[in-house]
Amino acid sequence: MEKVYDPHDFEDRLYRDWEEHGYFTAVRDDNKVPFTIMMPPPNITGQLHMGHALDNTLQDAITRFKRMQGYCALWLPGTDHASIATEVKIVEEMAKEGLTKEGVGREEFLKRAWAWKEKYGGRIVEQLKKMGSSCDWSRLSFTMDEKCSKAVREVFVNLYNKGLIYRGSRIINWCPHCRTALSDAEVIYGEENSFFWHLKYQIEGSDEYLVVATTRPETMFGDTAVAVNPEDERYKHLIGKNVILPIVGKPIPVVGDEHADMEFGTGCVKITPAHDPNDFEVGLRHNLPVVRVMNDDGTMNENAGKYCGMDRYECRKLLEKDLEEGGYLLKKQPHAHNVGHCYRCDCTVEPIVSKQWFVKMAPLARPAINAVTYKKTTFIPERFAKIYYNWMENVKDWCISRQLWWGHRIPVWYCPDCGAEICLKTDPEVCPKCGGRHLRQDEDVLDTWFSSALWPFSTLGYPDDTPDLDYFYPTDLLVTGYDIIFFWVARMIFSGLEHMRKVPFRYVLIHGIVRDDKGRKMSKSLGNGVDPLVIIDKYGADSLRFSLLQGVAPGNDMRYSETKVESCRNFMNKIWNASRYVVMNCEGRNIKPLSEVKLAAADKWIISKLNAAVRDVTLALNKFELGVACQILYDFMWSDFCDWYIELTKPALWSDDEVKKDDAVSVLHYVLTTALKLLHPFVPFITDEIYRSLPGTQGSVMVQDFPRYNSKLSYKKESTAFEGIMDIIKSVRAVKTETGCAPSKKVTLYVMAANRRMISANADSILKLGGAAEIKFVASKEEAGEKPVTKVLPNCTLFIPMGELVDLEKEKERLEKELERVTGEIRRADGKLNNQGFLSKAPKSLVDSEREKLNKFCDLREKLLSQLKDLQD
RNA sequence: GAAGGUGUAGUUCAGUUGGUUAGAACGCUACCUUGACAUGGUAGAGGUCGUUGGUUCGAGUCCAAUCAUCUUCACCA
């Protein structure tokens, strides 16, 4: 093994090896329990970012853990065609050649799109491999591949036949830039400073007028009424009369409707059913005509009279001037309000009445709510269930048609001859109603999320009854960020229930987003994104993985900082070098199974620590608390194994006792191999590389059994006793530092103890780690020579003569400080034990341990007092 | 407007069903190149767990109020 840890030496090589051995491939086995995770498919336009890195590391760690535990673990990867995002890219690319989408036509456009997908769609896959992702590439899927497309078709037709998909003219969100409809989830609202224009609408044949306040004056050409509250005394009498629409001169009715809030604005609302969701509803209630005044590109149409052809904002400007000149503009008041933007291009969306396809949500939402209520699916952390309910309970029908070309084309045909609308699982040649040969397919494609919603079963072969579907569905876990609960998680749940009759996954592990070191969201516009590949190149994938997992708590955002990766790299180096120590010492030695080793106290201590780590890591992982698991392993490896145990083996390994050496090496070997297995799910590369370097191992660590907790290895009594030895060592070190004694100076250690056996047995360790020359047992302080420093421990008292270095005053201070601490403890324990409530209500074990502590501290106090008294003399 | 998160050491964060004197990393101080590792070791400084009440024998942890901060959803034209 090389002296310094260098991940470049092995990461790529090991990944190839794993792939070649087919370790990632889930082979169905009826003797095994399946464990399935569906990877949230990244967009084919995407590049690996820290969000992916976190998401995939979580999934990979859990998959590797389950695989080692003997589950048939399937982590199914794939990519998403990302309808809008990809289409925008292709259009941009064509624009460079001076081409337009309409110019080249649908067929040629799709050809280019597929070529683009072939060229760039695999980038993200290669990047995921650099992370060490152990997904089953043999099952790699794509939302537009044959399998998934078949599922989309099946689902669409079934929903259509059940009447759960319908086509209708409704108010939808329209992006004038992307020129497509958007679902509610695809609109992002942001507050903007604008104005309130107060406009004068004259009552027909009267001097009276109403003042309406609007933020969208340019939509007035589509006004088909003015609403006032039916209870409003100011305007009640005008209901049923007409007002004259300014500029246009057209009479429109005044209607009474609850929608008009008497407290807000002037209490009069202009009603533009074609351009406002609320007005649309009012329009339905009062049978008002719907007049669209805008084209798909955001320009005004012929209904806007002289403003026809103008951009919506240009029109607003000119109209304002005209209204003012006509005396209609009474007031222009600054006003901040929320405006919707397209989540892809950020363009201001336009609510518009348009003929689109919708999924009827009410019948689908109910079972989806129940599934979570009855814990068929559990959110981790649970609070996200509330967010889910809130959305599901208020969900409106889902607009699924998009005026794009890249995507699943809507499988509906229209017959111009008889007017039939045909929706079938196979493409019709002729009209099944009239035999007409002029069928025309609907031009639109489906929302990308329509196919993503089917991901947990479309990838397994639905609608066919495949063995994979039978074996792996429902899946076990979904890992994703809270930002796509609505887009994706919710839609998968109702889709799974509707089409498979079972929830798609049992647990949803929600994680936060990765922010930059200042807590800001990483974004292109801020330019603060960190490329995981650059970090991997610099520090290795394991360091990046560990830095993302350490301290991660479900649902919480986390900050990325390179310092953290660096500290994780240092941890990797620590593991590396500790292993190097073990490997070097294994050379030429007889490595025995633990059962044949004569275990010393230190051995039992580290074995019990390891055993506890096995238990706690397994518990944490079963609860998907990866951050906790990593912390346990970090502490075990660095503090227990490296700082203590390795140092403790040195006296034996430097001795001439061959049996002792074999024993020491055997325990080192056992502890390290077990620890490597525990660490493997988190840092797969380094653990495998070391595992293969260790004598007596075969193959990769990734196919070994995950260690199991063994109650016989807990050695509770021996470990506690050994911790007493560790306390002696720590005390000697501390005394040396406190007295300013050079660490290299070997002191003589006088020990006053009732039980000398344990100390004698571990004398070597105390001498080596404490930096002492010899240990002498004494019966009193007087035997320890001139002015020794005193350290009182629970089971013994240490005297260390420091010669000239000792300052009596300082020594007294030290003992008094110690006494103060102990007295505090006694006060606390005493208080508890004198509390009737505590005695009667606290568990017995707690009372006992409190009593034990009290005794211990009382004893310590006695000793301290006696030492202080000695010092006075 | 509604819902929710967060607030713990100088900084970034853990803290599992309430139960030792609240932990880690980074940074800081002093000392140390000892044969796995200076990407290291030893010892140490640093926190009244946002504030105030309450429940409890016992609260960082549960409840209420309050302040600060962030997010999501809805939206009054």
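Scope of the values below: all heavy atoms of this structure, side chains included, with no hydrogens, waters or symmetry mates. In what follows, chains are A, B, ... by sequence order, proteins preceding strands, each numbered from 1.
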Taking any heavy-atom pair under 4.0 Å as a contact, classify [X]: base, sugar-phosphate, or nothing.
| X | result |
| --- | --- |
| A/Q836 | nothing |
| A/D261 | base |
| A/W654 | base |
| A/A260 | base |
| A/F624 | nothing |
| A/S561 | nothing |
| A/K396 | sugar-phosphate |

Apply side chain to side chain contact (heavy atoms under 4.5 Å, CB included) to [X] and list each qualifying residue two or more places apart in sequence or on a separate chain.
| X | result |
| --- | --- |
| A/F280 | A/I171, A/L284, A/V353 |
| A/E566 | A/Y539, A/R569 |
| A/V211 | A/H198, A/Y209, A/T266, A/L330 |
| A/T348 | A/R312, A/Y313, A/V339, A/H341 |

Worksheet item: Within the distance-only criterion (no hydrogens, no angle test), does the side chain of A/R545 pair as donor or acceptor with the backbone N or O of A/V683 below 3.5 angstrom?
Response: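 Between the backbone of A/V683 and the side chain of A/R545 there is no qualifying donor-acceptor contact (under 3.5 Å).
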Fill in: Expected output: side-chain A/D542 to main-chain A/F685 donor-acceptor under 3.5 Å
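Yes; judged by distance alone, with no hydrogens or angles, the pair exists.
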Under the ring pair (Phe, Tyr, Trp, His ring centres under 6.0 Å) test, which residues partner [X], sequence neighbours left out?
| X | answer |
| --- | --- |
| A/F195 | A/W197 |
| A/F264 | A/F196 |
| A/Y691 | none |
| A/Y328 | none |

Using the [atom1] atoms only, state how far [M] lies from [N], rounded to an integer number of Å.
| N | M | atom1 | value |
| --- | --- | --- | --- |
| B/A59 | B/G44 | P | 30 Å |
| B/U8 | B/A68 | C1' | 16 Å |
| B/G19 | B/C63 | P | 15 Å |
| B/U33 | B/U39 | C1' | 15 Å |
| B/U48 | B/G27 | C1' | 24 Å |
| B/U56 | B/G47 | C1' | 25 Å |
| B/G18 | B/C73 | C1' | 34 Å |
| B/C28 | B/U66 | C1' | 36 Å |

Item to complete: Answer with yes or no whether the side chains of A/T219 and A/K270 bring together a donor and an acceptor at under 3.5 Å.
Response: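 Yes - a donor-acceptor pair under 3.5 Å links their side chains.
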Worksheet item: Do the side-chain N and O atoms of A/D859 and A/N855 include a donor-acceptor pair separated by under 3.5 angstrom?
Response: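 On atom types as modelled, these side chains do not qualify, holding no pair under 3.5 Å.
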In whole angstrom, what separates [X]'s [atom1] from [N]'s [atom2]?
| X | N | atom1 | atom2 | value |
| --- | --- | --- | --- | --- |
| A/I646 | B/G35 | CD1 | P | 15 Å |
| A/K832 | B/U20 | NZ | P | 7 Å |
| A/R827 | B/U20 | CZ | C1' | 16 Å |
| A/H335 | B/A77 | NE2 | C1' | 8 Å |
| A/F487 | B/C73 | CZ | C1' | 13 Å |
| A/R580 | B/G35 | CZ | P | 12 Å |
| A/Y5 | B/A38 | OH | P | 16 Å |
| A/N577 | B/A38 | CG | P | 7 Å |

Worksheet entry | Where at least one partner belongs to residues 617-628 of chain A, residue pairs that pass side-chain hydrogen bond (donor to acceptor under 3.5 Å, both in side chains), sequence neighbours excluded |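 Passing the test, one end in residues 617-628 of chain A: no pairs.
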Discussion item. Is there aromatic stacking of A/F264 on B/A77 here, judged by a ring-centre distance under 5.5 Å and a plane angle under 30°?
Written reply: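 A/F264 vs B/A77: stacking no.
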Worksheet item: In which ranges does RNA chain B form stems of 3 or more consecutive Watson-Crick or G-U pairs, distances under 3.5 Å?
Response: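 Stems found: B:1-7 with B:67-73, B:10-13 with B:23-26, B:28-32 with B:40-44, B:50-54 with B:62-66.
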Worksheet item: Mapping A/V339 and A/V4 to their closest nucleotides on RNA chain B, which lands nearer the 5' end?
Response: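 Closest to the 5' end, via its nearest nucleotide, is A/V4.
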Worksheet item: So which one's nearest nucleotide on RNA chain B is more toward 5', A/F486 or A/Y634?
Response: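 Nearest nucleotide further toward 5': that of A/Y634.
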Item to complete: Using the six-membered ring wherever Trp is involved, compare the ring planes of A/W576 and A/Y5 and label them parallel, tilted or perpendicular (cut-offs 30° and 60°).
Response: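 Geometry flag for A/Y5 against A/W576: tilted rings.
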Short N/O separations, protein against nucleotides 40-45 of chain B, under 3.5 angstrom:
from, atom 1, to, atom 2, distance (Å)
B/G40, OP1, A/N570, ND2, 3.3
B/G40, O3', A/K574, NZ, 3.0
B/G41, OP1, A/K574, NZ, 3.1
B/G41, OP1, A/W638, NE1, 2.4
B/G41, OP1, A/D643, OD1, 3.4

Under-4.0 Å side-chain N/O to phosphate OP1/OP2 contact, [X] with [N]:
| X | N | value |
| --- | --- | --- |
| A/H198 | B/A77 | no |
| A/H337 | B/A77 | yes |
| A/K650 | B/A36 | yes |

Item to complete: Summarise protein proximity over nucleotides 3-17 of chain B in one line of letters, 5' to 3': B for base, S for sugar-phosphate only, - for none, counting protein heavy atoms closer than 4.0 Å.
Response: -SS------SSS-B-
